[in-house]
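Inspection log for the structure reproduced underneath, given as structure tokens.
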Amino acid sequence: MAVTSRPEDSSVASWQTHTVFNQTPPLEGVDLFSANLPLVEAMQREGAGWAMERAAALGTIVGSEPLRWGFEANENPPVLHTHDRYGNRIDEVEFHPSWHRLMALSIEHELHALPWRSREPAAHVARAAMYMTVMQAEAGFACPTTMTFAAVPALRSTPELAAEWEPLVTANTYEPALVAAGAKGSALAGMAMTEKQGGSDVRANTTVAEPRARFGCSAAQTGEGAEYQLTGHKWFCSAPMSDVFLVLAQAPEGLSCFLLPRILPDDSRNAFHIQRLKNKLGNRSNASSEIELRGAWARMLGEPGRGVATIIEMVAHTRLDCALGATAMMRLGVAQATHHAAHRSAFGALLADQPLMRNVLADLCVESDAATAVSMRLARAYDDAQAGDEDAEAFKRVATAVGKYWICKRAPNHAFESMECLGGNGYVEDSGMPRLYREAPLMSIWEGAGNVMALDVLRALARSPRARDVFLAELEEGCGSDPRLDAHVARVRAELTAETAQPTELAARARSVTERMALALAGSLLVRHAPEPVADAFCASRLGGEGGLEYGTLPTSCDFGAIIERHIPVA
Ligand SMILES: Cc1cc2nc3c(=O)[nH]c(=O)nc-3n(C[C@H](O)[C@H](O)[C@H](O)COP(=O)(O)OP(=O)(O)OC[C@H]3O[C@@H](n4cnc5c(N)ncnc54)[C@H](O)[C@@H]3O)c2cc1C
């Protein structure tokens with residue numbers, strides 16, 4: 001039967017049944033940095049105003065082609081090649097070209113190294129803002145970017161190894177070929193701690209390290225800088241195509257940290273074998289593997305028997321990036337949700353004008369505002385600590401654990417609610433929201449899952465009264481203008497300064513304590529720095545008991561419009 005166009009609309013082609021309308025235009029061609037007002041404000045406030053133009057230029061790039069690269073890199077996940085066509089073991093991972101484009105973007109813009117390369121103030125703050133901007137295009141490639149960034153402080157524990165490797169891991173050129181790092185002039189770094197029998201509990205590692213001189217690298221036969229042979233497995237090892245890994249293994253002196261290159265000093269390949277790639281919920285553009293070390297050559301990094309103390313320097317920086325990553329995901333969620341609601345009508349009115357949707361959007365925006373404020377304050381603590389400020393070092397220690405726990409915990413449900421704002425379109429892959437939803441829980445699981453982080457907060461407080469005091473002092477900075485915050489901070493102060501309870505009882509409420517600390521920190525920052533409607537909504541719903549368990553339950557006295565307005569991305 002012939003299909004004819006409707007007579008009243010001659011522009012409709014003969015094969016069309018209807019006119020497409022009331023669909024939201026794609027969110028493209030936007031400067032993803034400048035459109036993120038809370039981030040722009042925080043970058044200025046925390047001392048990295050000098051990087052504003054640079055971040056905006058990157059934001060413009062990320063809002064265009066890289067959005068497509070993110071889709072392509074996920075739709076064409078990495079493939080492991082254990083052997084070549086002749087049966088030789090090669091252990092190489094093949095990626096889609098869009099993955100390499102994303103990696104090049106990240107490395108060329110120094111997201112892996114800015115604080116180690118730049119002489120500008122607040123370089124951690126600048127990097128954090130740019131990292132959170134790029135992560136809106138795709139999250140998978142942030143993993144190798146982060147590990148390369150985070151390896152530097154741990155590398156510095158052995159100056160001889162740092163002298164060799166720091167220039168390579170901080171180089172701003174991306175060369176994926178598996179050749180000697182020295183020859184290509186750059187390197188990506190990974191980490192291998194987790195084993196089958198224990199990830200959080202790395203002291204249970206069974207990989208063995210035996211002293212064995214092969215290349216005459218160090219005068220010492222054992223200990224820091226000496227050559228070892230590693231035998232064992234690692235159950236999770238992401239970015240296995242990296243050039244160098246920080247690995248924990250049991251040396252005769254106890255659990256120690258080792259620096260293990262893929263390519264040996266004689267240009268042959270190390271005995272680092274990739275068993276298989278993990279079939280993951282999300283994070284599909286990134287390769288995460290299981291590996292075998294069959295007498296792999298490595299050099300001891302840091303002091304013998306102090307492996308955890310050495311690698312914890314790396315872990316602290318990866319935890320910072322988990323908080324930043326979860327914050328970036330919330331930003332992506334509110335950008336998509338507010339954009340959609342501003343273009344989609346139902347029941348005769350724009351979604352953005354409907355009271356209940358305004359409550360949902362405003363609640364999501366408040367969460368994103370809070371996460372941004374905490375993440376950027378945290379980044380400044382890293383700058384201040386790097387400059388030698390001991391109070392900042394103490395604050396950073398406890399606030400990293402608090403921020404990693406809380407922001408990462410909030411991200412998955414935030415992603416779900418943001419997705420729901422797009423209705424059925426949000427559940428379809430083309431929208432990017434399913435990818436966001438799958439990625440979100442990962443920030444909480446890796447680098448210290450929720451319980452481990454909450455217990456880490458207690459550990460940091462118990463070990464350092466100074467950390468507790470500087471954290472409380474930061475909270476007090478916001479007191480005096482909102483009684484709900486004042487009361488909450490008073491409760492946190494009482495809790496943190498009380499005589500400690502039984503260890504078992506204390507551990508059992510570690511999440512509650514950490515949650516209250518996180519809310520106090522976010523509230524203190526928002527009261528000082530955010531527009532009044534944002535701070536008011538946060539204090540009412542998160543501190544004053546006027547909010548519900550789900551998003552969209554702010555008290556109706558809140559100024560929804562003022563809260564949402566600053567989050568709507570404008571092309
Ligand atoms: C995609 C992906 C990539 C990864 N990449 C890497 C990598 O590159 N390198 C690497 O080394 N690891 C990597 N990991 C491993 C990751 O860091 C671990 O999975 C994580 O640290 C948890 O360890 P686990 O899996 O052994 O769980 P477990 O340690 O067994 O923990 C299971 C649960 O028990 C809880 N728990 C643990 N101890 C306690 C306690 N004392 N009290 C109460 N609760 C507790 C944890 O919070 C968690 O919820 C990756 C993981 C994933 C999912």
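Worth knowing before you read on, the calculation uses all heavy atoms, side chains too, and leaves out hydrogens, waters and symmetry mates. Keep in mind that what you see is a predicted model, and the values were worked out from it rather than measured. For ligands, and for the atoms within them, numbers begin at 1 and follow the listed sequence.
- Judged by a 6.0 Å distance limit and a 45° cone about the ring axis, Arg435 is positioned over the six-membered ring of Phe71.
- With rounding to the nearest 0.5 Å, the separation of CD in Glu166 from CZ in Arg117 is 11.0 Å.
- The shortest N or O to N or O distance between Trp446 and ligand 1 is not under 3.5 Å.
- Among the atoms of Met193, some N or O lies under 3.5 angstrom from an N or O of ligand 1.
- Not less than 6.0 angstrom separates the ring centroid of Tyr131 from the ring centroid of Phe149.
- The nearest heavy-atom contact from the protein to atom 6 (C) of ligand 1 is Phe236 CB, 3.7 Å.
- When the options Ala239, Ala449, Ser238 are ranked by their closest heavy atom to atom 48 (C) of ligand 1, first place goes to Ala449.
- Taking CG of Asn279 as the reference point, atom OG of Ser288 lies at 11.0 Å (rounded to 0.5 Å).
- Ion pairing between a basic and an acidic side chain is recognised when a charged N comes within 4.0 Å of a carboxylate O; Arg377 and Glu474 show such pairing.
- Ligand-side atoms of ligand 1 in range of Ile445: 20 (C), range being under 4.0 angstrom from any heavy atom.
- The existence of a salt bridge linking Lys196 and Glu290 is excluded, since no basic side-chain nitrogen approaches an acidic carboxylate oxygen closer than 4.0 Å.
- Of the protein's heavy atoms, Thr194 OG1, 2.7 Å lies nearest to atom 12 (N) of ligand 1.
- Using a 4.0 Å cut-off between charged nitrogen and carboxylate oxygen, Arg438 and Glu429 count as a salt-bridge pair.
- By the definition of a contact as any protein heavy atom under 4.0 Å away, atom 34 (O) of ligand 1 is not in contact.
- Residue Lys280 has no N or O atom closer than 3.5 Å to an N or O atom of ligand 1.
- Proximity to Glu447 (heavy-atom distance under 4.0 Å) selects the following atoms of ligand 1: 17 (O).
- Donor-acceptor pairing under 3.5 Å is lacking for the side chains of Ser186 and Glu175.
- At least one heavy atom of Cys237 sits closer than 4.0 Å to an atom of ligand 1.
- Heavy-atom proximity to Ser288, at under 4.0 Å, picks out these atoms of ligand 1: 1 (C), 3 (C).
- Set against the non-hydrogen atoms of Gly198, the atoms of ligand 1 under 4.0 Å away are 26 (O).
- Protein heavy atoms all stay at least 4.0 Å away from atom 25 (O) of ligand 1.
- Near Val452, meaning under 4.0 Å from one of its heavy atoms, ligand 1 places the atoms 37 (C), 38 (N), 47 (O).
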Does Glu367 form a salt bridge (Lys or Arg N to Asp or Glu O under 4.0 Å) with Arg410? I'd like the steps, not just the answer.
CA-CA 8 Å; Glu367 196 70 37; Arg410 299 293 284 172; 2.9 Å; yes
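- Shown here, atom 10 (C) of ligand 1 is in close reach of the protein: a heavy atom of it lies under 4.0 Å off.
- Open room surrounds OH on Tyr437; 12 or fewer heavy atoms of other groups in view lie less than 6.0 Å from it.
- Of all the listed residues (Asn451, Leu455, Thr318, Val202), Leu455 holds the heavy atom that lies closest to atom 42 (N) of ligand 1.
- No more than 12 heavy-atom neighbours from other residues, nucleotides or ligands sit within 6.0 angstrom of CZ on Arg463.
- Heavy-atom contacts of Ser200 reach the following atoms of ligand 1: 22 (C), 23 (O), 26 (O), 28 (P), 29 (O), 31 (O), 37 (C) (cutoff under 4.0 Å).
- Between Gly199 and ligand 1, at least one pair of N/O atoms sits closer than 3.5 Å.
- Distances shorter than 4.0 angstrom do not occur between any heavy atom of Asn283 and any atom of ligand 1.
- Not less than 6.0 angstrom separates the ring centroid of Trp446 from the ring centroid of Phe236.
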